[in-house]
Amino acid sequence: MKNIKIKLLGVSLFLFVMIFPSCTNDLNQVPDNGDSKSSEEFFKDPASYKQFLAKIYAGLATTGQQGPAGSPDVSGIDEGQSDYLRGYFYLQELTTDLAVIAWNDATIKDFHNQTWTTLDTFLNATYARFSFQVVNCNEFLRQTTDDKLTARGVDATLKTEIGYFRAEARFMRALTYWHLLDAYGGGSLVTEDSPVDFYYPDYATRTQLYNFVESELKAIIPLLKPAKTNEKYRADQGAAKMLLANLYMNSKVYVNANDGYDKAVPLLNDIIAAGYTIHNPAGRNGYQELFLADNDSNGAQNEFIFAVAIDGLNTQGYGATTFLTHAAVGGSMDKNAFGINGGWGGLRTTSAFVSKFPGTTSSANSSDTRGNFYKDGQNLEIKDLATFTDGYAVQKFRNLTSAGVAGSDKKGDFVDCDFPIFRLADAYLLYAECAARGAAGANMATAVTYVNALRTRAKTNTITQSELTLAFILDERARELHWELHRRTDLIRFGKFTGSSYLWPWKGGVASGAPTQSYRDLFPIPANALSANTKLKQNPGY
């Protein structure tokens with residue numbers, strides 16, 4: 001069991017959630033179960049500040065106030081499917097060549113088919129989850145001003161620590177706003193300075209959201225603890241620089257800026273020099289160990305720049321890596337090989353992804369250890385999306401330690417695998433992309449060294465400088481980072497998500513793949529959000 005407690009046990013904070021309207025009627029946030037405390041009452045306890053900060057971090061992994069079900073943060077949808085990471089996985093991976101799902105839950109297959117609408121339940125729930133996360137961050141910042149801390153008699157030592165807490169809350173808010181502008185484009189921009197009484201926030205364009213995230217990150221980097229000096233799972237300067245680098249990497253898409261790659265390079269250099277290490281222990285499968293139940297202690301944690309704590313006892317829910325582990329197991333797969341009590345028979349991948357691993361045949365996997373597919377009884381090609389045995393299974397997340405011991409939840413329901421939001425391998429590949437795009441300060445020879453460090457760990461052939469092309473980098477990012485919530489954003493940045501330049505099975509709802517409309521590079525603002533706030537503006541095409 002990890003040494004972390006990230007639930008507000010028995011406490012349901014009464015927050016002014018409607019200042020960031022995203023949903024009404026069937027999707028409501030923070031139900032009052034009679035055990036609510038006002039913010040003023042809650043913050044009388046000096047320990048409450050860190051407890052609330054923990055709730056903000058837990059917002060990426062948990063779904064409610066009491067565990068897997070019963071007191072959800074977002075209602076109107078199965079609580080497990082309201083999870084932040086699970087919802088963002090639907091948007092980032094199910095819409096691409098890397099994942100399909102067998103289930104018939106509502107409109108879930110519309111993601112892979114790229115046929116979603118403004119009424120999509122999952123798009124609505126994810127938008128609501130983003131809203132809830134921002135509301136929590138804003139409330140924490142309102143309650144931790146110097147004036148409020150002084151009025152409560154908070155001592156100087158705790159005030160100093162709360163200063164770091166505030167910078168971390170701003171980082172977490174910036175992370176969510178990045179996800180919002182990346183996925184939905186515009187929306188409401190609400191901060192701790194916004195009114196707390198009910199009102200309709202003005203529409204913020206993608207450019208306005210981009211400028212806010214950029215300015216916030218630049219402001220908080222010096223306020224955060226230096227890289228690798230904060231408590232585990234808490235944001236530091238490395239995490240903020242990585243988020244800012246990602247913002248700049250996609251600035252051409254977001255705001256039509258041409259200097260984003262140049263701006264990303266010094267940030268990536270700082271991250272790479274900060275002391276993170278590629279996990280590659282001698283005689284072991286370092287890549288596999290990144291996604292095991294003890295990835296907080298087996299050495300993999302030294303590669304993680306920012307990770308979400310997942311614990312089988314303390315973050316129980318049916319999202320995050322519990323979802324990624326269970327949903328990927330089905331057919332003839334052995335549940336015990338994944339440390340769980342059963343598979344959900346959902347997630348597989350397409351032949352387009354499998355083909356990125358040369359040497360993968362119907363009976364063997366590539367020597368590249370990242371292409372670890374389960375094939376027994378599985379068909380390479382997908383004739384029916386609803387049939388689990390159509391499509392190879394991806395064996396990435398396992399609820400087993402490096403020694404083969406199952407996770408802390410002995411029932412096998414909930415897993416212990418932390419989820420890496422950012423890791424050093426991603427920084428290496430972003431640097432390589434900058435070099436291949438001719439960014440100022442990026443060196444191709446250095447980039448090759450970084451890429452080959454990952455390929456050496458994967459036990460596959462190294463490359464030469466002439467082979468480090470943009471097409472290679474896009475494929476290498478798929479091999480290294482699949483199912484880690486990057487793929488849709490990557491494909492859009494490379495001009496391959498919509499249109500006809502890259503087709504994969506069932507893109508556009510056709511078995512062989514079909515072109516899709518470019519407006520689907522953005523998801524629609526959910527119809528419920530538009531009904532709740534008529535100041536919002538729908539994205540073109542919807």
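Values in this document were obtained by computation on a predicted structure and should not be read as measured data.
- Using cut-offs of 30° and 60° for the angle between ring planes, the F497 and W504 rings count as tilted.
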- Item | Full working for side chain to side chain contact (heavy atoms under 4.5 Å, CB included) between L247 and Y254 | CA-CA 9 Å; L247 186 76; Y254 298 154; 4.1 Å; yes

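- Seen from the ring of Y164, K225 counts as a face-on cation partner, given the 6.0 Å and 45° thresholds.
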- Message: K252 vs N258, test: side chain to side chain donor-acceptor pair (under 3.5 Å). Steps then yes/no.
- Response: CA-CA 6 Å; K252 180 67 175 176; N258 293 315; 2.8 Å; yes

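- Looking at D83 and T63, their side chains never bring a donor and an acceptor atom within 3.5 Å of each other.
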- Query: Would F171 and F306 satisfy ring pair (Phe, Tyr, Trp, His ring centres under 6.0 Å), going step by step from the backbone distance to the final call?
  - Reply: CA-CA 11 Å; F171 165 83; F306 181 63; 5.3 Å; yes

- Item | Intermediate values then yes/no, ring pair (Phe, Tyr, Trp, His ring centres under 6.0 Å), Y248 and Y261 | CA-CA 6 Å; Y248 286 147; Y261 302 113; over 10 Å; no

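- The closest side-chain donor-acceptor pair between D97 and Y502 falls under 3.5 angstrom.
- With hydrogens and angles left out, the side-chain atoms of E161 and Y49 include no donor and acceptor closer than 3.5 Å.
- Closest approach of A447 to A435, counting heavy atoms only: CB-CB, 3.9 Å.
- Summarising the geometry, atom CD belonging to E93 is positioned 9.0 Å from atom CG belonging to L324; distances are rounded to the nearest 0.5 Å.
- Side-chain atoms of N230 and E168 form a donor-acceptor pair, as typed in the model, at a separation below 3.5 Å.
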- Task: Decide yes or no on side chain to side chain contact (heavy atoms under 4.5 Å, CB included) for L485 and F419, but give the supporting numbers first.
- Result: CA-CA 10 Å; L485 312 185; F419 186 87; 3.6 Å; yes

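- For the residue pair T277/E303, the side-chain donor-acceptor check at 3.5 Å is not satisfied.
- Between the side chains of S82 and E79, no donor-acceptor pair of N or O atoms lies under 3.5 Å.
- Contacts of A458 classified as side-chain contact (heavy atoms from CB on, under 4.5 Å), with partners at least two apart in sequence or in another chain: D368, T369, R370, T460.
- Here salt bridge (Lys or Arg N to Asp or Glu O under 4.0 Å) pairs that include residues 268-281, with residues two or more places apart or in two chains, are K241-D270.
- In this structure, T325 and N399 approach most closely via the heavy-atom pair CG2-N, 4.2 Å.
- Of the possible polar contacts, none joining the H112 side chain to the V100 backbone as a donor-acceptor pair under 3.5 Å is found.
- Between the side chain of N285 and the backbone N or O of Q288, at least one donor-acceptor pair lies under 3.5 Å.
- F472 carries R479 over the face of its six-membered ring, with the cationic atom under 6.0 Å from the centre and within 45° of the normal.
- Residue K459 qualifies as enclosed at atom NZ: its count of foreign heavy atoms under 6.0 Å is above 12.
- One side chain, R166 or T144, offers a donor N or O that lies under 3.5 Å from an acceptor on the other.
- A donor-acceptor contact under 3.5 angstrom links the side chains of T498 and D521, judged on distance only.
- A salt bridge is defined here as a Lys NZ or Arg NE, NH1 or NH2 lying under 4.0 Å from an Asp or Glu carboxylate O, and D73 with R129 meets this definition.
- Aromatic ring orientation, Y318 versus F414: tilted (interplanar angle from 30° to 60°).
- Panel note: side chain H279, backbone N302; no donor-acceptor pair is recorded below 3.5 Å.
- Remark: side-chain polar atoms of T456 are not paired, donor with acceptor, to backbone N or O of A453 under 3.5 angstrom.
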- Going through the distances and angles, do L429 and E433 end up as a side chain to side chain contact (heavy atoms under 4.5 Å, CB included)? CA-CA 6 Å; L429 291 171; E433 183 181 338; over 6 Å; no

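- N298 places no side-chain N or O within donor-acceptor distance of the main-chain N or O of S402, the cut-off being under 3.5 Å.
- At least one donor-acceptor pair under 3.5 Å links the side chain of Q237 to the backbone N or O of I221.
- Panel note: side chain D416, backbone S408; a donor-acceptor pair is recorded below 3.5 Å.
- With values rounded to the nearest 0.5 angstrom, R86 atom CZ is found 10.0 Å from L94 atom CG.
- There is a side-chain donor-acceptor pair under 3.5 Å between Y84 and H179.
- The main-chain N or O of G299 is found under 3.5 Å from a side-chain atom of Q301 such that the two form a donor-acceptor pair.
- A side-chain hydrogen bond (donor to acceptor under 3.5 Å, both in side chains) with Y287 is found for one member of E480, R457, K396 and no other, namely K396.
- Side chain of D490 to main chain of L474: no donor-acceptor pair is present (N/O by atom type, distance under 3.5 Å, no hydrogens or angles).
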- Trace of the side chain to side chain contact (heavy atoms under 4.5 Å, CB included) decision for D426 with I305: CA-CA 10 Å; D426 185 15; I305 298 168; over 6 Å; no

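- Y177 and F212 have perpendicular rings, their planes meeting at more than 60° on a 0 to 90° scale where under 30° would count as parallel.
- The number of heavy atoms from other shown groups lying within 6.0 Å of NZ (K410) is above 12.
- Classified by interplanar angle (parallel below 30°, tilted 30° to 60°, perpendicular above 60°), the ring pair Y90/F111 is tilted.
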- Please test S351 against Y392 for side chain to side chain donor-acceptor pair (under 3.5 Å), starting from the C-alpha separation and ending with a verdict. CA-CA 8 Å; S351 58; Y392 287 170; over 6 Å; no

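- Ring pair W344/F323 is tilted by interplanar angle, where 30° to 60° counts as tilted.
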- Query: Should E476 and K356 be marked as a salt bridge (charged side-chain N to carboxylate O under 4.0 Å, His left out) after you check the CA-CA gap, both sets of side-chain angles, and the distance that decides it?
  - Reply: CA-CA 8 Å; E476 189 71 3; K356 300 185 189 306; over 6 Å; no

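- Listed by chain and residue number, D182 satisfy the salt bridge (Lys or Arg N to Asp or Glu O under 4.0 Å) test with R488 (two or more places apart in sequence, or in another chain).
- Both tests hold for R398 against F338: distance to the six-membered ring centre under 6.0 Å, angle to the ring axis within 45°.
- A perpendicular orientation is assigned to the rings of Y88 and F130, their planes being inclined by more than 60° (bins at 30° and 60°).
- Counting only heavy atoms from C-beta outward, the side chains of V213 and L217 approach each other to under 4.5 Å.
- Using a cutoff of 4.0 Å between basic side-chain nitrogens and carboxylate oxygens, K232 and D418 are not scored as salt-bridged.
- Checked by atom type and distance alone, the side chain of N341 pairs as donor or acceptor with a backbone atom of K411 at under 3.5 Å.
- Below 30°, between 30° and 60°, or above 60°: for Y450 and Y428 the angle between ring planes is below 30°, a parallel geometry.
- F89 approaches L347 most closely through the heavy-atom pair CE2-CD2, 3.8 Å.
- Shown here for P420 and F291, the closest heavy-atom pair between the two residues is CG-CE2, 4.2 Å.
- Atoms CG and CZ, on L53 and F165 in that order, are 6.0 Å from each other to the nearest 0.5 Å.
- Atom-to-atom distance recorded for I56:CD1 and R170:CZ is 13.0 Å, nearest 0.5 angstrom.
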